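One structure is given here, and the rest of the page talks about it.
Proteins come first, then strands; the chains are lettered A, B, ... in the order of their sequence lines, and each starts at number 1. Fair warning: this is a prediction, and the values are worked out from it, not measured in the lab.
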Amino acid sequence: MQSYRNHPLWLAFLLHRLSGLGLALFLPAHFYVLGLALTDPGRLDGVLHWADSPVVKFAEFGLVFLLAVHMFGGLRLLALEFLPWPGPQKSLAAGALAGAFLISGAFLLKAI
Amino acid sequence: MPRQADIDRHDTDILILGTGGAGLFAALHARQSAPPGTKITIAVKGLIGKCGCTRMVQGGYNVALGPGDSVERHFMDTIQGGKWLPDQDMAWKLCEQAVVRVRELENEIGCFFDRESDGHLHHKAFAGQTADRTVHKGDLTGIEIINRLMEQVLSRPIERLQEHRAIGLIPNRDGSALAGVLFIDMRAGKFRFVRAKTVLMATGGGPTMYKYHTPSGDKTMDGLAMALRLGLPLRDMEMVQFHPTGLLAGDHTRMTGTVLEEGLRGAGGQLINHSGQRFMFDYDQKGERATRDVVSRGIYTEMRKNNDPEQEGVFISMAHLGPDNVRRKFKGMVKRCADSGFDLAAGKVEVVPTAHYFMGGVIVDSDTRTAIEGLYVAGEDAGGAHGSNRLGGNGVANSTVYGGVAGDTMGADIRKMGALRDADETVLAAEIERALRPSAKKPGHILGLRQKLQTAMWDEVGVMRTEAGMKRGLKHIAEIGDELLETGVDGSNLAFNLTWHDWLNMASLTEVSEVIARAGLARENSRGAHFREDFPEPGDLESSYFTVARQTGDTVGVGREQVKFSIVKPGETVLPEGEPETLVAQP
Amino acid sequence: MMLDVRLYLAQRISAMIMAPLVFIHLGMMVYAIQGGLSAAEILGRTQGSVFWMLFYGLFVAAASLHAAIGLRVIVHETLRLRGMALRALTWGLFAVFFVMGARAVMAVTMI
Amino acid sequence: MEVAVWRGDETGGRYETFDVPAQDNQTILDVVTWIQQNSDATLTYRFACRVGMCGSCAMMVNGTPRWTCRTHVRKVLKGNRLQVAPLQNLPVIKDLAADMDPFFDKWVRVGGRHEPGKTRHDQIEAIPPDTPDRENADAGIECINCSVCYAACDTVRGNPDYLGPAALQRAWTIVNDEKHAGRQQILNTVAASDGCFNCHSMGNCTVHCPNGLDPMNAIAGLKRAVTKNRFKRGG
Ligand SMILES: Cc1cc2nc3c(=O)[nH]c(=O)nc-3n(C[C@H](O)[C@H](O)[C@H](O)COP(=O)(O)OP(=O)(O)OC[C@H]3O[C@@H](n4cnc5c(N)ncnc54)[C@H](O)[C@@H]3O)c2cc1C
Ligand code: HEM
Ligand code: SF4
Ligand code: F3S
Ligand code: FES
C-alpha cells in the first residue's frame, strides 16, 4: 500500500468500499436462496441446513460483519456530510468500526 | 545549433513578461483598456502566479486608508524613507493610486484583507511609517493577492506562455522601437521570438547575487540585464535593500536567506551576538525596532567583530515572550523554522542580513514608458519610486499600482500604433548565439561560480561598502564573468535543462552585479540602503543626485543626475500645518 | 459523467431508509439464529404478513437502488467506464437486484 | 543516503539511484538540487519560493505527495533511502516536473474567480471577520495551489474529470464569501457530475495538505449547501 493512504480515514473508505462491494455481490445470492421458497421450499430447507455447518456459519458471520461495518461506515459518512461536523472525523471512523465489531461480535456469539 | 530559421515565431499585440503583481495587473488592465480584439500574451519564467516575489509578500500593502492617514502623509513617508532620492511624481502616483488599487483588489479582484472586529480594514505600521497604514491578510498577504489575480487572468482569454524565459529585448531594424522579445521555451528547450506592439517588462529585479537573499529562485535580474544590453538607462543601481533577519541554515540548503518576518522584532524579539549580548541599543536608540538598514548594519558589524566561521550570524531570540505566546502569534514562522529544524518559540535561531529588494531599475516616466518606443517597465524592474530605500509595504503597492498603469497605458498607446515591427535580425542572432554559448563548451561547475559571485558581492558590495572593497569586487566580478564564458553546460538535451538556465541566470547576475558595484562607486555618500564606510554622511539634501548607469558597447558608464524636487523640497512638507509628526502610538 | 446531485441524493436517501431496516433485520437474524434456521421457521413468521411484505419490499427497493449506484461509482473509478455504457450498467444492475429481490420478498411473504 | 529519482518524460521513465551526502537542515528540495548541481546536471525539477508559499515544488516522496522545500529529510528518510518522483495524477513534463495545467483548468472550471458586485470606485465594505460565513470562507483561503491534495486523492486517480479537493475548496470559499456576486452559479457547477458528490471523504487531501487546510470538510460543506438548495427550490 502506498504510504499516503496510511491513515484511519482512508482505511475507513477502503473498508466501506470493500464491504459495499461484498454486500452487492452477496445480494443476488441472498435473494436467490430466499426465492427458492417460491419454487422449491425443500431446497430452501436444504440450503438452510447446509447453513448450519461451521464453514457456512463463518461465512455468514462475515456477511453480517460486512453489513455492520458498511452500515456504521455509512452512518459515519452521512453524519460527516449532513451534520456540520467539526473536526474529529478520525474518532468517528474508529467509533464506526467499533460499533460494527460490537454488532457482528454479538451475532457471532449468538450463532455459535 | 538551431539556425534562425528554426526559431518558432509568434505574434501578439500586447506582451507581458512576468506574473507578479505587476504582470498580472497589467494583463487585466490591458484587457479593460485596449480595443476589443487586441491579443494579449503573458509570458513567464515559471508557472502563472506561482513564481516571483509578490506571492511571498508577508507584511502587507501600504495604503492611506487608515484613520487620520492621507495620501500626503504616505507620500512624505515615502520621500523621507527614500532619503529624498525618489522620483517625486512616481512616488506621488504610487501613494495616490494605491488607494484605488486596494479598492480594486477588494471589490473587483476578490481579495479579503484582515478586518477589525467592527468590519473595517485593519491597518498596522511597519517601521518608518507615521501612520497605521499596512493592510494585510495575516502574514500571507501575497498569496491572497496573487491567487485572486491569477484566477482572474487564468479565466480570461489571455494567451499564456508558461516556463518561457525572456532572454533578449529585440529592437526593430533602425533601433528606434522595440520589435519583440526572444524567449527560450524552457520545456522544449527551443527558441521562440514573439513580436508585439507593446511589451511590458515586469520581471521583478531580485538581488539574488548575494550570498544571503530572500527573493524567489526564478528571479535573477534577467530583465535589468536585458535592458542594459538594449542600452537603456538604469537608475539607483547601487540601492540594494537588506532585510536584517534572514535564516542562516548552512549553504547546502535553499532555506538559507529566507526571511524571518519583521514582526518578530516589532513584537519584542531580541538580537543576541556571539557573546550572548543584546547589541542593537549600541547602534540605535530604538534597538531592534530600528529601520531595516540600521538593524542590518548593526548585525553586519557584529558579525565582522566576531569573525568566527562556526558561528557566522547572530541570534534572534523570542523565548522571553513566552514560547506558547510566540507559537500562537507567529504560527507560520514557528512552523517554518520547525520544518527546517529550528525552535523559534523556545530556542534561538541564527540570522543574517539578507538581500531583499532592489530599488534600482529602468528609468521610466510615471506612465511606465521607457526611452524606447514599445517598451514599458513596471514593478521591481522600474527604478525611481523608492529612491534609496523602500518602505515595508511599498513594494507590492508599487508593483500592483504600476502594473495596472502599464496595462492602461499600453491599452491606450496601442490604438496609435500601426503594424508590428520587424526585428533587427542581427541582434536576434547575437542573442541566440549568446544563449547557446555554453553548449559549445566543456561542462563545468556553475554552482561554484555562483557561490563565488555571491561571496564577492556579500563581502565587497554588500551591507557596508568602501571604495577599495568595491574595486576588489569589480575585479572578482570580471574574473567570474570570464570564467563563466568558458564554462559549458551539457547541451545534449536542452529541454527543461535547469543547468543551462543556471548558466543564463549567472550571466544576468554577473552583468548586473558589475553595474551595482559601479553605481556604488559613483555614489560618494551614504543614503538609505547604500552605506559607504569611507563616506558615512548623507551629503547635502538640496543637491541630491541619483546615479544613472548605461551600457555602450561593452562598457558600463555611470553618471549622476540631479533629483528634481517637483512636489516638495528638503525641509518642507506637503502635510497641512499643524498635522502631528506621527499618528503611530509610540511603544 | 459521475455522480450528480440526483444520484447522490438517491444513494444517501436509500441509505437512510435502510439504516433502521438493517437494525431490525440484523436483530431478527440474531434472534432467529438461536437454535438454527429452518425454512418453516422463517416462513412461519413472515408468510401472510403485510407488515413484513412492506418492510422487505421497501428494503429491497432501497438496497437495489443503493447498490446499483454504489457499483456504478466503483466501476467508473476502477474500470473507467462512462457515458451510455455506465448508465446502462447502473439501470441493468438495478433491474436485476430489484427483480430478484421482489421475487424473494414474494416468496417469503405470500401465502 | 541513497536516493532513487524518477527520470523520464510523458513517454515513460524509470528510477535512477544517486548517493547524496546527508546534512543538517536538509530538505528534499535540497537533495534534488544537490543531485542536479553536483551529480547529474540534466535533472529537471521545479521550485520558486523555497519557503512553502508558491506551491511549485511538490513531488512524491517515498510514495507520498509533499512540498519538498519544507520537508526535512529527517522526517521522511527510511533506512537511509529516499524515493522521489513527479506528482501523480498529473501529466509529467520531464523528470520531477509535472504539468499543473489540468489542476488549474479545474480551478477555472469550478468558477474559482471572484465575480464583483462593486467597483474600485466604491468604498471597501465593512465585513465583520467573525460571522460563520466569513469563518468558513477564511478556513480555506491559505491554499497555495500546490496540488498535493490533488495528487493524494484516489478519486481523482480513478476519475480524472473529478474537480478535485483544491478547486472544490475554492468553491466553498466563494459560496461563503458575501462579496461574491454569483454564489448560486457556483452551487450549480459543483452540483453537476464530476463535482463535489464524487468525493468519498477518504480524507487524503486533509491529511496531506501541507498547510493544514481541510478540503474534505469544505467539500462536505458544499454537499450540504447543494442539498439544502435543492430542497429549497423544490426537486
Ligand atoms: C520574502 C519577501 C517578502 C516581501 N514582503 C513584502 C511586503 O510585506 N510588502 C511589500 O510591499 N513588499 C514585500 N516584498 C517585495 C515585493 O514582493 C516586491 O517588491 C514586488 O512583489 C515585486 O513585484 P513584481 O511584479 O515587480 O515582481 P515579482 O512578483 O517578483 O514577479 C516577477 C515575475 O517575473 C518573472 N520573470 C523573471 N525573469 C523572467 C524572465 N527572464 N522571463 C520571463 N519572466 C521572468 C518571474 O518568474 C515572476 O513571475 C517582499 C519580497 C520578498 C522576497
Ligand atoms: C444501513 C445501510 C447502509 C448505509 C447507511 C449505507 C451507506 C452508504 C453510503 C453513504 C455510501 C456512499 C459511499 C461513498 O460515496 O463513498 C454507500 C456506498 C455503497 N453501498 Fe451502502 N449503505 C448501506 C447498505 C448497503 C447495502 C445493503 C448494500 C449492498 C447491497 C450497499 C452497497 C453499497 C455499495 C456497493 C456502495 C459503493 C461503495 C463505494 O462507492 O465505495 N450498501 N453506502
Ligand atoms: S488545499 Fe492544501 S494541499 Fe491542496 S492545493 Fe491547497 S495548499 Fe495544496
Ligand atoms: S482525498 Fe479526495 S475523495 Fe474527497 S476527501 Fe479528499 S477529495
Ligand atoms: S518552492 Fe515554493 S512551495 Fe516549495
Counting heavy-atom pairs under 4.5 angstrom with chain A, the leader among C:Arg103, C:Met18, C:Arg12 is C:Arg12

Contact part of C:Tyr8 toward chain A, heavy-atom cut-off under 4.5 Å: side chain, backbone, both or neither?
side chain

Can you tell me how far apart NE2 (A:His70) and NE2 (C:His66) are? Round to the nearest 0.5 Å.
4.0 Å

Residues of residues 16-24 of chain A within contact distance of chain C, non-hydrogen under 4.5 Å
A:Arg17, A:Leu21, A:Ala24

Heavy-atom nearest pair, A:Phe31 first then C:Met100, reads CB-O, 3.7 Å

Any chance CZ of C:Phe55 has more than 12 other-residue heavy atoms, nucleotides or ligands included, within less than 6.0 Å?
yes

